[in-house]
Protein chains: 2
Amino acid sequence: MARKTGSSGEKTASDLQLAATKLFARHGYAAVSMRQIAAEVGVQAGALYLYTPDKQSLLFDLMHRHMQELLDAWQVESGNLPNDPKSQLVGFVRFHIRFHLKRVDEVFIAYMELRNLSEDNFASIANQRQAYENQLKAILKSGVESGKFNLADPKLATFSIIAMLTGINTWFRNEGRLASTSVEDIYLDMVLGIVCCKSRPQPD
Amino acid sequence: MARKTGSSGEKTASDLQLAATKLFARHGYAAVSMRQIAAEVGVQAGALYLYTPDKQSLLFDLMHRHMQELLDAWQVESGNLPNDPKSQLVGFVRFHIRFHLKRVDEVFIAYMELRNLSEDNFASIANQRQAYENQLKAILKSGVESGKFNLADPKLATFSIIAMLTGINTWFRNEGRLASTSVEDIYLDMVLGIVCCKSRPQPD
DNA sequence: CTTTCTATTGAACACTTGTTCAGTTAGCTT
DNA sequence: AAGCTAACTGAACAAGTGTTCAATAGAAAG
């Protein structure tokens, strides 16, 4: 019935983001209740509505913020790279892996919870995903046009590369047998195999 | 309060599988109620318990059956292929794409609903997934050992290839600009680029 | 010290959930 | 026609859901 001693709106808001990210990633949006999130934060469910209009907005805000951070971070990173397609691709692959391995829960939510978004929210996040995909597609197209990449379909190559890179999050463990830098090197090798190989053996 | 005219246990059981597959894929396990599934079947929720002990078993059975069909089908297919690693890999890629594009909802559920499985059920499905992954891993290892494939890490290559192949289901549409056979060819090209390229340009 | 604002509590509200089962009707067998 | 079985209904049960808001205590400002 009363304000908690030491309570701070700023801290509760931050705790809410963290708790929601953790529980949505672990159990799924629909399987987690506002009461469970509140318990993780250390408040009652009613208190959450001071920080989010509703549950759907909570999910959307998490996803939107993550995707925006991804886009912004790549904008900065790509500006620091040489402009030729190969340097851009190498940079993109390393950036993607580093960024995603630092945000396991956010990445998981961004890819797994699209179905739980309302129509408008879905469209917004889909636009962000496409913006990110377009970054890689532009790199691949540029490489094909300059003759450095050998790709039958840059759009499909974009989907393939992002799928395989994002797939790292499903198995990578910090304490596993491979350092993340090794993972970067190995995946880079495979991606370059996809885009650059000019004398690959023909199927059939 | 009474049996429906024309009702047949066999038909209802089949309808239940189809309805559950469709709704779990579209909305997610936790977001779909037994009442909604029953409505799709054309019965009341209570009737479903003649065909499944509970909701969790319903999900598990769908996933388990799908994975078993996948494993069985590959067993048959691989027996029809020449035994050299390249033929096996080419066969695997084509098989994977064909099989998965015919079962969009099942594939979706198999990959998206793992979190909603109980611990024991999860372990069972995880074993099946690993069995399937091991098929590809064995092909890749064999290729490396015979000198035909050039891979730093066959295990990671396995994860990568399966991620990119399974990713096709997230965008492919039968009415899209590409026939599924073209998709097969393009993805095969990329996979061969990953495994076979001997003179790929070095990064950095 | 008083006043104002912030941040929460706790219960209510309307609704939904998974599951059970006695009763009823349709279909089949004798 | 009678008896038995299959397949369902419909409501109950216990529990939970998202969201609201009047009341209250803590913190900050004057």
Side-chain angles (χ1 to χ4, degrees), chain A residues 1-21 23-24 26-63 109 113 115-121, chain B residues 1-21 23-24 26-63 109 113 115-121:
Chain A
M1 195 70 89
R3 178 172 179 169
K4 279 187 147 185
T5 301
S7 59
S8 149
E10 208 170 316
K11 183 180 187 302
T12 305
S14 172
D15 288 350
L16 171 55
Q17 298 296 314
L18 291 172
T21 298
L23 295 176
F24 285 160
R26 183 168 300 172
H27 304 292
Y29 172 82
V32 163
S33 69
M34 294 297 268
R35 284 168 178 76
Q36 287 173 292
I37 296 171
E40 182 78 19
V41 174
V43 297
Q44 297 271 336
L48 301 186
Y49 293 87
L50 196 65
Y51 305 99
T52 184
D54 52 40
K55 194 184 183 189
Q56 169 76 192
S57 297
L58 181 56
L59 174 67
F60 174 73
D61 289 343
L62 292 180
M63 295 175 78
I109 292 169
E113 301 298 349
R115 285 177 300 177
N116 284 304
L117 290 174
S118 68
E119 200 169 313
D120 287 348
N121 288 342
Chain B
M1 199 69 87
R3 177 174 181 167
K4 281 190 147 182
T5 300
S7 58
S8 149
E10 211 171 313
K11 184 178 186 302
T12 306
S14 171
D15 287 349
L16 172 54
Q17 298 296 315
L18 290 173
T21 298
L23 295 176
F24 285 159
R26 183 170 300 175
H27 304 292
Y29 172 82
V32 164
S33 68
M34 294 297 268
R35 284 168 177 77
Q36 286 174 293
I37 296 171
E40 182 79 18
V41 173
V43 296
Q44 297 272 335
L48 300 186
Y49 293 87
L50 197 64
Y51 305 98
T52 182
D54 53 41
K55 194 184 182 190
Q56 168 77 192
S57 298
L58 182 56
L59 175 67
F60 174 74
D61 288 345
L62 292 180
M63 295 175 78
I109 291 169
E113 301 297 348
R115 286 177 302 177
N116 286 305
L117 290 173
S118 67
E119 201 171 310
D120 287 349
N121 288 343

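Order of the sequence lines fixes the chain letters, A, B, ..., with proteins taken first and strands second; residue numbering starts at 1 for each chain.
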Bend angle of the helix from dC1(C)-dG30(D) to dT30(C)-dA1(D), end axes from five pairs each (to 10°):
10°
Report yes if a side-chain nitrogen or oxygen of Q44(A) is closer than 4.0 Å to either non-bridging phosphate oxygen (OP1 or OP2) of dG10(C); otherwise report no.
yes
Whole Å only: how far is the CD atom of E10(A) from the P atom of dA27(D)?
16 Å
Atom pair distance, as rounded to whole Å: CG in L16(B) and P in dA7(D)
14 Å
L48(B) CG to dT17(C) P: how many Å, rounded?
13 Å
Within the structure, does a side-chain N or O atom of K4(A) lie under 4.0 Å from either OP1 or OP2 of dT8(C)?
no
Pairs: protein N or O with nucleotides 1-6 of chain C N or O, under 3.5 Å:
{"unit_1": "dT6(C)", "atom_1": "O2", "unit_2": "R3(A)", "atom_2": "NH1", "d": "3.0"}

If we ignore angles and hydrogens, is there a donor and acceptor under 3.5 Å between the side chains of D54(A) and S57(A)?
yes
Value in whole Å for how far the C1' atom of dG18(C) lies from CG of L58(B):
12 Å
Donor-acceptor pair under 3.5 Å, R35(B) side chain vs dG18(C) base
yes
Rounded to whole Å, the CD1-P distance (I37(A) to dG18(D)) equals 8 Å
Between T21(A) and Q17(A), is there a donor-acceptor pair closer than 3.5 Å when you use the side chain of the first and the backbone of the second?
yes
OP1 or OP2 of dT17(C) less than 4.0 angstrom from a side-chain nitrogen or oxygen of S33(B), does that happen here?
yes
Separation of atom CG in D15(A) from atom C1' in dA7(C), rounded to whole Å:
14 Å
Which atom names give the shortest non-hydrogen contact between Y51(A) and A13(A), and what distance separates them?
CD2-CB, 3.8 Å
Using only side-chain N and O atoms of T5(A), determine if any of them is under 4.0 Å from OP1 or OP2 of dA25(D).
no
Heavy atoms under 4.0 Å, any strand shown: does V41(B) hit a base, just sugar-phosphate, or nothing?
nothing
Presence of salt bridge, K55(A) and E113(A), under 4.0 angstrom:
no
Of S7(B) and P53(B), whose closest DNA chain C nucleotide lies nearer the 5' terminus?
P53(B)
Which nucleotide in the set dT9(C), dT19(D), dA7(D) lies at the smallest distance from any side-chain heavy atom of V43(A)?
dT9(C)
From the options dT8(C), dG18(C), dT19(D), select the nucleotide whose nearest atom is closest to the side chain of D54(A).
dT19(D)
Rounded to whole Å, OH of Y49(A) lies from C1' of dT19(D) at a distance of 5 Å
Looking at dA7(D), dT9(C), dT19(C), which one has an atom nearest to any side-chain atom of Y51(B)?
dA7(D)
Enumerate donor-acceptor pairs with a distance under 3.5 Å from any side-chain N or O in residues 35-45 of chain B to protein atoms, sequence neighbours excluded.
{"unit_1": "Q36(B)", "atom_1": "OE1", "unit_2": "S33(B)", "atom_2": "N", "d": "2.8"}
{"unit_1": "Q36(B)", "atom_1": "OE1", "unit_2": "S33(B)", "atom_2": "OG", "d": "3.3"}
{"unit_1": "E40(B)", "atom_1": "OE2", "unit_2": "K22(B)", "atom_2": "NZ", "d": "2.8"}

Consider the side chain of M34(A), meaning its heavy atoms from C-beta on, and name the nucleotide among dC8(D), dG18(C), dT19(D) that approaches it most closely.
dT19(D)
